[in-house]
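Single-structure report; data block below.
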Amino acid sequence: MTGTLRRIAVMTGLNTRRTFSSFGNWLWILIVPIAFSLILGFFFLDSESQAPAVERGEHAAAEVSLETPAAQSLSDAQRQTALVVYASPRGDTDESGLVRLRMTFAVYMVFAFAALFSRSGALHQEYAEGTLQRTVAGGVAYGAIVAAHVAAVFLVGLVQAAVVVTLTSLLGTPWLMAGWGVLALTIGGTLLVAAGLAIGLSGLTRSATVMQGLSGSLPPLLGMMGGAFFPLEAAPAGLQQAARVNPVYWTMELLAEGYVYRGAAGQMMPLAVLVLIGILGAVIGIQGLRRVEM
């Protein structure tokens with residue numbers, strides 16, 4: 001048993017290292033999402049800084065909520081130009097920070113799905129090249145190979161999350177504005193559902209080419225339909241209802257509950273949904289991979 005676990009660990013490490021040994025993978029898994037999130041962040045912050053003075057309330061005597069005693073003492077003219085502060089139920093008033101965080105997370109989430117979908121096709125690529133058959137012929141149990149493949153998908157996602165969160169945090173994204181616990185649950189739930197769906201699709205398709213195609217098309221579609229890049233409140237009612245079967249919808253709920261509403265306590269419901277989807281996808285995928293004919 002110990003020997004099998006050691007072998008799985010070694011193969012997992014080799015698979016992960018092989019993934020990041022390619023400059024193309026470094027580019028699309030790490031560099032592009034960071035650069036894209038920074039570009040969008042600067043775009044939105046620049047748009048906010050260039051807003052007209054009346055919209056930003058620069059004529060107001062102070063930045064106050066309209067329900068505070070200070071606001072009630074303002075004249076009618078001042079009331080019309082007073083800044084509306086978007087305060088969440090948790091008391092956060094850094095709306096620009098929340099906007100940047102949401103946009104960075106949306107970009108990370110889409111690229112996480114894309115990276116893990118692409119990585120989950122590696123086993124099929126090895127089968128097409130004959131590497132998988134030679135490994136089994138060399139005495140390695142096929143079940144151990146599948147286990148290492150599944151573990152590598154999770155590990156690649158973990159490395160991607162660690163690098164993206166660390167670098168974007170250093171560059172201004174307030175990931176820790178709600179604490180380490182909220183951040184861990186947000187990233188953990190996203191990683192779990194992305195890896196589970198990647199493994200599930202890998203077991204159903206059994207084709208590296210199909211997985212590459214899905215990695216480029218399905219995550220952006222899920223992001224658009226799940227409210228990653230625009231509020232679903234502005235979408236038709238039918239789309240709002242359909243979004244509830246979309247895992248991206250629940251990742252965005254996980255983010256909102258953690259950073260805007262009730263913190264870690266509010267994340268339990270969306271996290272449970274994401275865990276269920278992730279486990280279901282992983283089980284389906286593993287069963288499909290076990291049926292691959294050698």
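Everything numeric here is computed off the predicted structure, so don't read it as measured data.
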Counting only pairs under 3.5 Å, give me each side-chain donor-acceptor contact of residues 158-173, with atom names and distances, residues two or more places apart or in other chains.
from   : atom 1 : to     : atom 2 : distance (Å)
Gln160 : NE2    : Ile29  : O      : 3.0
Gln160 : NE2    : Phe111 : O      : 3.4
Thr166 : OG1    : Ala162 : O      : 2.6
Thr168 : OG1    : Val164 : O      : 2.6
Thr168 : OG1    : Val165 : O      : 3.3
Thr168 : OG1    : Trp175 : NE1    : 2.8
Thr173 : OG1    : Thr104 : OG1    : 3.4
Thr173 : OG1    : Thr168 : O      : 3.3

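Pairing each heavy atom of Met177 with each of Leu101, the nearest pair is SD-CD2, 4.0 Å. In terms of heavy-atom proximity, Ala198 sits nearest to Ser120 at O-OG, 3.2 Å. Considering all non-hydrogen atoms of both residues, Met225 and Asn246 come closest at C-ND2, 3.6 Å. Considering all non-hydrogen atoms of both residues, Phe105 and Thr186 come closest at CE1-CG2, 3.6 Å.
Relative orientation of the Phe113 and Phe117 rings is perpendicular, given thresholds of 30° and 60° on the angle between their planes.
In this structure, Ser22 OG and Arg17 CZ are separated by 14.5 Å, a value rounded to the nearest 0.5 Å. Here the CG-OG1 distance, from Leu214 to Thr209, works out to 11.0 Å after rounding to the nearest 0.5 Å. Here Met11 contributes atom CE and Arg18 contributes atom CZ; the two are 10.5 Å apart, rounded to the nearest 0.5 Å. Note that CG of Leu280 is 9.0 Å distant from CG of Leu197, once rounded to the nearest 0.5 Å. Taking CD from Gln241 and CG from Leu232, the interatomic distance works out to 10.5 Å, rounded to the nearest 0.5 Å. Between the CD1 atom in Ile145 and the CZ atom in Arg290 there is a gap of 14.0 Å [rounded to 0.5 Å].
In this structure, the side chain of Trp26 does not engage the main chain of Ser21 through any donor-acceptor pair within 3.5 Å. At least one donor-acceptor pair under 3.5 Å links the side chain of His124 to the backbone N or O of Ser202. A distance-only check finds a donor-acceptor pair linking the side chain of Thr12 to the backbone of Ile8 [under 3.5 Å].
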Subject >> Derivation of the side chain to side chain contact (heavy atoms under 4.5 Å, CB included) call for Leu201 and Leu218 >> reply: CA-CA 11 Å; Leu201 290 173; Leu218 188 56; 4.0 Å; yes

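Crowding of Met268 atom CE: a count of heavy atoms from other residues, nucleotides or ligands under 6.0 Å exceeding 12.
By the 4.5 Å heavy-atom criterion applied to side chains, Arg134 and Thr131 are counted as neighbours.
Under the 4.5 Å side-chain heavy-atom criterion for Ile, Leu, Val, Met, Phe, Trp and Tyr, Leu27 and Val110 are members of the same hydrophobic cluster.
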